[in-house]
Amino acid sequence: MASVVPLKDRKLLEVKLGELPSWILMRDFSPSGIFGAFRRGYYRYYNKYINVKKGSIAGLTMVLACYVVFNYTVSYKELNSADTPADRSWVISEGNSKACFG
Amino acid sequence: MNQNLFASFNMPMILGIPLVALFILFPTMLIMPSNNLNNNRSSSIQQWLIQLMLKQMMTNHTIKGRTWSLMLLTLITFITLNNLLGVMPYAFTPTTQLSLNLGMAIPLWMATVLMGLRFKTKATLAHLLPQGTPIPLIPMLIIIETISLFIQPVALAVRLTANITAGHLLMHLLGDTTLILLSTYLSSSVITVIVIILLITLELGVALIQAYVFTLLVSLYLHNNS
């Protein structure tokens, strides 16, 4: 039995800094590999916080907090390019109807 | 201000790739089916809720109508979860898009109509004429009933879209008002904050109710035609 685990099978926290680029290159980036990574991450979270005998609201709250943060980062650009109160007008332009019924 | 108001209904994008599929699939990550008898708390609560909805909705149907149980339960769960997640700040609600709601309403409605025409043709056609109408009115009434039949899917979709969109818009507007009032009249901003809190409660209620209404009506059309 080898006492040294090969680089391919090591977890991220067990990889030394110098070996990090080669470790990243060895990972499976095919669609099934990425899907497997999502699945592992999902079940890791599920089994740690939700699939326990006395699960609390914190398991769900963390997910919702991440959801809010994710949405904020996605719409960051739009939110920061908003008009100042001085430019606001109350005339409805045709740009709105496209956004409304799109 | 106008672009800002409707900007939350725009499709969220990362690097030009629309993310709408992610937002539609996200509620599925919150529901976890389990094969155990005794589940964790979250699964037990979900199981209890689903059984409650099932008993509430499907007891009035015939055997043939009950084959739709999975479809209707999925529908109400999907709409409820999407509406509730939309109340979160900065969230994008897929049910505000008319395209999604039409995509849900038209196939389901058409399935109930085609089922009625296929299995109970006479009864389905007889539904087009209410009982006890005076004879001179019959031609006009049949036209009216046909039009009301064809309006049903559009009404289903537009009802859901309009209710959720209106609630979100109100909250955006009141939030903007509160921010502006904070720097001028502090006391009126307290009133608007209270109104916003009430609105959030209403939104939560509307989210649930709209899902319920949508599903109930689809099951009603099913009941009429099965």
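Note that this is a predicted model, so its numbers are computed, not measured. A, B, ... follow the sequence lines: proteins, then strands. Residue 1 opens every chain. Reckoned from all heavy atoms, side chains included, excluding hydrogens, waters and symmetry mates.
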[X] versus chain A, the contacting section by heavy-atom distance below 4.5 Å:
X         : result
Leu179(B) : neither
Met13(B)  : backbone
Ser43(B)  : side chain

How close do [X] and [Y] get, heavy atom to heavy atom, and via which atoms?
X        : Y        : answer
Lys53(A) : Arg41(B) : O-NE, 4.1 Å
Ser42(B) : Ile50(A) : CB-CG2, 3.7 Å
Val74(A) : Pro12(B) : CG1-CB, 3.7 Å
Leu85(B) : Leu64(A) : CD2-CD2, 3.6 Å

Neighbour count >12 (heavy atoms, 6.0 Å) for atom [atom1], [X]:
X        : atom1 : value
Asn36(B) : CG    : yes
Met26(A) : CE    : yes
Phe38(A) : CZ    : no
Ile57(A) : CD1   : no

Run through Phe70(A), Tyr72(A), Tyr76(A) and flag the one making a ring pair (Phe, Tyr, Trp, His ring centres under 6.0 Å) with Tyr90(B).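 Single ring pair (Phe, Tyr, Trp, His ring centres under 6.0 Å) partner of Tyr90(B) among Phe70(A), Tyr72(A), Tyr76(A): Tyr72(A).
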Please confirm whether the backbone N or O of Met32(B) pairs with a side-chain atom of Tyr46(A), one donor and one acceptor, at under 3.5 Å?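 Not at all, since once roles are kept as given, no pair shorter than 3.5 Å links the two residues.
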Can you say whether Leu60(A) sits under 4.5 Å from chain B via the side chain, the backbone, both, or neither, judging by heavy atoms?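 For Leu60(A), the side chain is the part near chain B, not the backbone.
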Side chain to side chain, Val52(A) and Asn40(B), heavy atoms closer than 4.5 Å: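 Of all side-chain heavy-atom pairs linking Asn40(B) with Val52(A), none is under 4.5 Å.
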